[in-house]
Amino acid sequence: MKTDRRGKHPTTGRGSAGGTPKTVNAAYQGIGVSPGIAIGPAHVVESGIPQVPEYTVEADALDAEVARFEAAIAKARKQVGKLRNKADALPNTMLDELGPLLDAHAAMLRSGRLTRGVPARIHEHGINAEAAVQAVVGELVRGLAAVDDAYLAARAQDVREVGDRIIRNLTETPYQAFSMLPVGSIVVAEELSPADTALMDPARVGGFATALGGPDSHTAIMARSMGIPAVLGATALPARVRSGTVLIVDGEAGRVIANPDADTLADYRRRAQALIRLERQLARLRSQPAITTDNARIALMANLELPRDLETARRGGAEGIGLLRTEFQFMNRPDLPSEDEQYATLRQLVEGMHGKPVTIRTLDAGGEKLATALGDRIAHSANPALGLRAIRLALKEPKLLETQLAAILRAGAHGPVRILLPMISSITQVRAVRVILTKVVRRLKRRKARIADPIPPLGVMIEIPGAALAADALALECEFMALGTNDLTMYTLAIDRGDEQVADLYNPLHPAVLRLIRFTIDAGRRRGIPVSICGEIAGDPRYAPLLVGLGVKELSMGAAALPRVKQRIRRLSLTAATQRAAAILDQVDEGRIAALLDDFNDGL
Ligand code: PEP
Ligand code: MG
């Protein structure tokens with residue numbers, strides 16, 4: 001039965017909603033990454049490419065163009081491979097549908113007329129890879145469509161879909177802006193990048209759900225910071241719903257329900273109302289300090305992903321910004337922001353905090369956080385997480401860093417700022433930044449620009465195990481340290497934080513991670529410099545007793561998490577938390593550690 005496998009489509013959602021006839025209460029399990037309940041019509045993101053750039057390429061650059069194509073093919077193979085692995089875990093009915101389809105795509109990406117035809121076309125016509133893919137796909141599709149046969153028509157569709165995927169990888173096109181969606185829509189996609197997510201307006205997008213993505217990916221972090229309920233890793237969902245299907249996203253349980261019946265809808269509406277009431281109660285804590293029952297004061301700061309998080313931070317009573325991720329300034333644009341442009345944005349944020357400190361991290365591009373404008377310089381590493389990213393890129397492209405430091409120094413004339421360096425692994429890097437900082441200060445003074453006075457403190461992120469182990473040396477070179485436990489967990493355990501396939505192994509409570517955290521805190525204490533935590537564990541109330549018990553005095557988190565963490569801190573005693581943290585640090589078994597922590601939380 002050649003045609004049977006063509007029921008549904010893994011990315012565009014042209015399949016029938018939740019099965020045919022319409023399956024009521026069809027449930028899809030994924031990973032809940034941003035709590036809350038959203039109910040609304042699905043908007044299934046089409047993976048088609050709106051515009052394919054076309055230009056001629058000089059003869060001496062044609063090999064590089066072929067290499068770009070090959071990198072895009074390699075990425076496509078990985079994407080399809082990941083989906084295929086996950087599909088194996090699906091119930092048989094879903095697997096029968098998706099498995100053969102993905103196998104066909106994988107075969108086409110391994111070798112065939114597409115993989116051979118495109119490099120030949122690039123060389124023969126002297127054109128860019130995207131245009132060559134489009135031309136070759138067009139030829140193949142026309143050939144297949146010329147014969148009146150359902151199987152061949154399905155093959156033509158496969159070719160188009162594979163071609164679209166390759167072109168998306170080549171252009172790194174973000175999905176369409178979500179500004180035209182009906183209010184309350186649930187965005188459904190195979191995968192959403194942080195840049196895609198940045199385009200979502202929480203007033204319009206009720207929630208989102210994807211087939212791929214892990215719990216501490218930046219897409220997940222962004223969802224939490226925007227307060228948008230989200231489920232990642234719901235493998236079969238995009239293939240089985242279509243736009244308009246009513247969905248419930250339960251961001252706590254990690255579940256999506258398609259075509260809910262009246263009882264289910266009523267139940268989830270009740271739960272959503274209860275959550276809103278709870279948020280209102282928590283909001284009353286806004287002006288209360290985060291203080292333990294035995295009077296230890298903890299500073300609660302906000303992490304900012306996007307300027308619009310500032311309002312949530314203020315509403316949550318943030319005592320400052322503990323981590324401003326500047327990547328947003330480089331996203332969804334083809335060029336780099338100028339010093340003036342960066343300054344204007346940073347100044348607004350600094351002024352918006354009314355004298356409270358703003359910790360500005362220099363660009364942490366690379367890994368999954370690709371900035372289109374930098375694409376060529378950082379996109380082609382075999383191991384992007386270990387490649388030219390963050391401070392390594394900044395020191396290799398000092399102009400980039402100088403421009404950003406100049407903007408930060410100028411913004412610092414309008415309120416207190418701190419400069420934070422991502423992915424530091426050695427004291428040499430901190431010294432090199434200091435030399436550049438001094439040079440930029442001198443240059444700005446010559447220009448008679450108004451800058452921060454005194455020069456802002458310089459801090460380092462501790463997010464590489466080697467940096468944690470060298471924390472006492474690093475502490476001599478900087479004025480503060482910020483523990484980035486998201487990357488620290490990833491690099492310590494060798495688990496990709498964005499990969500849902502190994503999400504169950506990603507565990508900040510692993511004894512190795514906890515020992516590195518303690519080591520860093522102790523080093524900071526010995527050297528007399530503050531150590532904060534700005535990884536995602538800082539925003540999870542469950543971890544608060546452990547972190548406070550380990551001696552942390554400053555926690556920085558997604559702004560939406562502030563009230564819940566504050567509530568937990570106000571219930572605990574520092575003495576008891578310190579004892580429990582010591583008991584936890586004595587354990588080697590992750591399960592026992594989790595049990596000791598949960599037991600402590602249950603008693604609060
Ligand atoms: C971290 O790694 O913990 C961190 C805070 O930085 P980011 O999540 O931006 O990598
Ligand atoms: Mg990090």
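Since we're looking at a predicted model, the values are computed, not measured. Counting starts at 1 for both ligands and their atoms, following the listed order.
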> Between Glu327 and Asp364, is there a donor-acceptor pair closer than 3.5 Å when you use the side chain of the first and the backbone of the second?
Replying inline: yes

> Taking the minimum heavy-atom distance to atom 6 (O) of ligand 1, which of Glu536, Met423, Arg361 ranks first?
Replying inline: Arg361

> If you draw the axis of the six-membered ring of Phe600, does the NZ or CZ of Arg580 fall within 45° of it and under 6.0 Å from the ring centre?
Replying inline: no

> With a 4.5 Å heavy-atom cut-off, do Thr492 and His510 have their side chains touching?
Replying inline: no

>> Under 4.0 Å, heavy-atom basis, I'd like to know which part of Asp364 is in contact with ligand 1: side chain, backbone, both or neither.
In response: side chain

> Any N or O on Arg389 sitting closer than 3.5 Å to an N or O of ligand 1?
Replying inline: no

>> Tell me the closest heavy-atom pair linking Met490 and Tyr506, and the distance in Å.
In response: N-CE1, 4.0 Å

>> Heavy-atom distances under 4.0 Å decide this one: backbone, side chain, both or neither, for Thr485 against ligand 1?
In response: backbone

> Ignoring hydrogens and geometry, is there a side-chain-to-backbone donor-acceptor pair from Asp250 to Ala253 under 3.5 Å?
Replying inline: yes

> What are the atoms of ligand 1, with element, lying closer than 4.0 Å to any heavy atom of Ile221?
Replying inline: 8 (O)

> Relative to the heavy atoms of Cys534, which atoms of ligand 1 are at a distance of less than 4.0 Å?
Replying inline: 5 (C)

> Considering residues, nucleotides and ligands other than Glu252, do more than 12 of their heavy atoms fall under 6.0 Å from its CD?
Replying inline: no

> Which of the numbered atoms in ligand 1 are below 4.0 angstrom from a heavy atom of Met461?
Replying inline: 4 (C), 5 (C), 6 (O)

>> Under 4.0 Å, counting heavy atoms only: does Thr489 come that close to any atom of ligand 1?
In response: no

>> As an exercise, identify every atom of ligand 1 less than 4.0 angstrom from a heavy atom of Asp487.
In response: 1 (C), 2 (O), 3 (O), 10 (O)

> N/O/S atom of Glu463 under 2.8 Å from the Mg ion (ligand 2), yes or no?
Replying inline: yes

> If you look at Asp487, which of its N/O/S atoms is nearest to the Mg ion (ligand 2)?
Replying inline: OD2

> For Arg497, is the nearest heavy atom under 4.0 Å from an atom of ligand 1?
Replying inline: yes

> Going by the atom numbers of ligand 1, which of them fall below 4.0 Å from some non-hydrogen atom of Leu323?
Replying inline: 5 (C)

> Any heavy atom of Met490 sitting closer than 4.0 Å to ligand 1?
Replying inline: no

> If you measure from each heavy atom of Glu327 to ligand 1, is any distance below 4.0 Å?
Replying inline: no

> Do Glu477 and Ile424 touch side chain to side chain, with heavy atoms closer than 4.5 Å?
Replying inline: no

> Under 3.5 Å, side chain of Arg224 to main-chain N/O of Ala561, donor-acceptor pair present?
Replying inline: no

> Do the side chains of Met200 and Leu192 get nearer than 4.5 Å, heavy atoms only?
Replying inline: yes

> Below 4.5 Å, heavy atoms only, C-beta onward: do Pro511 and Glu590 meet side chain to side chain?
Replying inline: yes

